[in-house]
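Every chain is numbered from 1, with letters handed out A, B, ... down the list of sequences.
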Amino acid sequence: MSSARQIKQRIKTAKNISKITKAMEMVSASKMRRAQAQALATRPYTRALQESLQKLANEVKTDIHPFLTAHESGIDVAVVISTDKGLCGGLNQNLFKEAMAWQKEHPHSKLVVIGRKAVAFARIYGLDVHAQFTDLPDTVGSNDTIAISTLVSKAFIDQTFRTVTVIYMDFISTLVQKVRTVQLLPLPKEVSDSFKSENSVEKQSTEYLFEPSPEEILGDLLNYYLENTVYQSFLEAKASEHSARMVAMKNASENAGDLMKELELSFNKSRQAGITSELLDITTAILAQKGK
Amino acid sequence: MKQILLTVVSQEKQLLKAQVEQITAPTATGEITILPEHIGLFSKLETGELRYLVDGKVESLVISDGFITVSPDSTVTVMVDTAQFARDISLQKAEEAVKAAQETIKASPEDRRELLMAEASLKRALLEIRIAQKSKKTTI
């Protein structure tokens with residue numbers, strides 16, 4: 001009856017795996033909730049920043065900040081935000097597909113890869129990597145992402161980078177995450193336009209004091225704006241990662257359950273078959289003895 | 001009595017939203033006090049204590065560098081920067097990231113096929129070791 005024992009072993013394996021996947025599912029669920037709450041908590045800051053920029057745009061005529069103007073020299077750069085760990089379904093595959101497509105469109109480009117998965121991806125496909133960041137904490141704080149925004153903003157001002165794009169998984173719902181490609185630098189048109197259109201529109205009569213100078217404040221605000229955009233995309237990416245992992249683990253647990261059911265059925269069948277054949281043996285033996 | 005709507009936000013969350021009577025903030029050019037119907041103001045804040053008056057009582061909040069925006073309609077928004085420390089070392093961190101990338105490139109051989117083969121054989125070897133260890137355990 002070695003086959004029955006083998007089946008029993010397999011049932012045990014499936015059971016153990018389903019225990020692990022269930023635990024991972026629950027961990028991801030709680031992490032996802034936290035990431036979502038974190039993304040919501042940043043809204044007031046984003047709103048305050050946008051309002052301040054808007055007000056500043058009404059008051060100041062300077063639109064010659066380097067973040068707002070495009071220049072021709074330098075290379076195109078994409079920041080690819082992936083995960084450090086796997087087991088999250090097709091999340092990273094979708095992301096890398098988009099990154100490859102972007103790379104094809106921009107022949108002279110480099111990547112800034114974030115997460116171990118993206119590092120491995122860039123290595124295997126032999127892509128040109130400018131910088132890599134790995135092992136970011138599960139709950140990203142704004143101070144974890146600043147290094148990335150400093151890196152790109154500095155290289156952009158030096159004219160080493162022509163444009164900077166972020167590619168990340170946007171969190172839409174627990175079940176749906178979509179790849180999103182956002183231009184980071186030069187800052188998108190909505191921001192720069194608000195400064196340009198100002199010239200034609202009649203200036204509002206409200207008077208503002210600036211301490212120290214409007215230019216300095218604008219520079220600082222735009223820097224915060226950039227940092228905030230990077231931080232936001234990180235939060236989205238984290239929420240996507242955890243929800244994708246949760247769904248993947250849920251599927252795995254369900255599959256393990258199905259497998260266990262199937263194996264139990266065949267185990268019972270083989271056990272029953274064993275009993276039947278034993279019974280047959282006994283009855284034939286008895287019949288044979290009676291016949292004598 | 002007229003009041004000011006004070007909102008304090010950081011990159012990560014909203015820290016405070018309250019109706020106050022008076023605000024004293026440490027700006028880059030010195031400490032200022034804002035009363036209702038103050039004229040519009042943009043100013044940089046320095047690390048220090050933000051004091052505000054609620055029902056005649058002084059409350060305070062320690063803030064890091066940031067911004068204060070005073071609108072003529074008596075709303076004050078304070079944006080504090082909780083990531084001040086990280087900004088100081090961010091350049092160094094960025095350089096480290098570039099270096100790490102260069103090391104990865106250096107560590108990987110020129111021939112990609114070779115790399116893939118080496119990685120695959122390493123994975124197989126590791127798997128074999130694990131299986132061997134496991135079967136040892138079960139036999140004992």
Side-chain angles (χ1 to χ4, degrees), chain A residues 37-38 40-49 51-52 55-56 59-60 110-114 119-120 122-126 128-134 141-152 154-155 206-212 214 216-218 220-221 223-224 227-228 231 235, chain B residues 7-15 17 27-30 32 38-44 65-73 75 77-105 107-108 110-112 115-116 119 138:
Chain A
Q38 230 185 332
L40 274 182
T42 59
R43 291 238 172 108
Y45 184 81
T46 314
R47 207 176 312 124
L49 203 57
E51 273 170 19
S52 298
K55 274 180 206 151
L56 203 60
E59 297 293 318
V60 195
K110 275 188 173 183
L111 296 179
V112 172
V113 290
I114 292 150
V119 172
R123 242 177 80 193
I124 285 172
Y125 287 93
D128 220 345
V129 174
H130 180 73
Q132 69 182 44
F133 292 90
T134 52
S142 56
N143 37 5
D144 297 314
T145 61
I146 284 198
I148 296 150
S149 31
T150 311
L151 175 84
V152 293
K154 197 167 167 286
T206 48
E207 237 178 88
Y208 274 92
L209 275 178
F210 292 97
E211 284 168 5
E216 204 169 312
I217 285 176
L218 175 68
D220 275 1
L221 270 183
N223 205 18
Y224 283 135
E227 276 167 12
N228 191 46
Y231 180 49
L235 290 179
Chain B
T7 323
V8 182
V9 289
S10 78
Q11 278 103 325
E12 275 146 25
K13 58 180 183 246
Q14 183 166 309
L15 300 170
K17 189 167 193 170
T27 70
T29 47
I32 56 163
H38 193 280
I39 74 164
L41 168 77
F42 277 96
S43 186
K44 274 173 88 165
D65 291 16
F67 263 110
I68 186 164
T69 314
V70 182
S71 309
D73 56 354
T75 55
T77 311
V78 176
M79 281 185 269
V80 294
D81 188 2
T82 45
Q84 194 57 43
F85 173 69
R87 190 163 292 111
D88 296 340
I89 57 163
S90 66
L91 208 59
Q92 187 196 336
K93 266 195 172 170
E95 274 160 16
E96 273 168 22
V98 175
K99 223 176 272 166
Q102 280 160 355
E103 262 160 34
T104 319
I105 293 166
S108 50
E110 286 289 299
D111 191 5
R112 258 197 285 150
L115 172 77
L116 288 178
E119 228 160 57
T138 46

Could you check if a side-chain atom of [X] sits within less than 4.5 angstrom of a side-chain atom of [Y], using non-hydrogen atoms only?
| X | Y | answer |
| --- | --- | --- |
| A:Leu221 | B:Met79 | yes |
| B:Phe42 | A:Ser52 | yes |
| B:Glu119 | A:Ile124 | yes |
| A:Thr42 | B:Lys13 | no |

(request) Give me the one residue out of B:Val9, B:Val8, B:Thr7 that meets side chain to side chain contact (heavy atoms under 4.5 Å, CB included) with A:Pro44. (result) B:Val9
(message) Can you tell me which of A:Leu209, A:Asp128, A:Leu151, A:Val152 forms the most heavy-atom pairs within a distance under 4.5 Å of chain B?
(response) A:Leu209
(request) Sort B:Val78 into side chain, backbone, both or neither according to what part of it lies under 4.5 angstrom from a heavy atom of chain A. (result)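 Neither; nothing under 4.5 Å.
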Can you measure from [atom1] ([X]) to [atom2] ([Y]) and round to the nearest 0.5 angstrom?
| X | Y | atom1 | atom2 | result |
| --- | --- | --- | --- | --- |
| B:Lys44 | A:Phe210 | NZ | CZ | 14.0 Å |
| A:Leu49 | B:Gln11 | CG | CD | 9.0 Å |
| B:Gln14 | A:Arg47 | CD | CZ | 7.5 Å |

(message) Taking ring-ring contact (aromatic ring centres under 6.0 Å, His included) as the definition, give me every residue that meets it alongside A:Tyr231, ordered by chain and number, with sequence neighbours left out.
(response) none
(message) To check you understand the geometry: which heavy-atom pair defines the closest contact between A:Ala131 and B:Ala101, and what is its length?
(response) CA-CB, 3.6 Å
(request) Name the region of A:Glu51, side chain, backbone, both or neither, that has any atom closer than 4.5 Å to a heavy atom of chain B. (result)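 Neither part; nothing is under 4.5 Å.
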(request) Identify which of B:Thr69, B:Leu41, B:Thr77, B:Ile39 forms the greatest number of heavy-atom pairs closer than 4.5 Å to chain A. (result) B:Leu41
(message) Please determine whether the number of non-hydrogen atoms from other residues, nucleotides or ligands lying under 6.0 Å from atom NZ of A:Lys55 exceeds 12.
(response)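 Yes, NZ of A:Lys55 has more than 12 neighbouring heavy atoms, counting only those of other groups under 6.0 Å.
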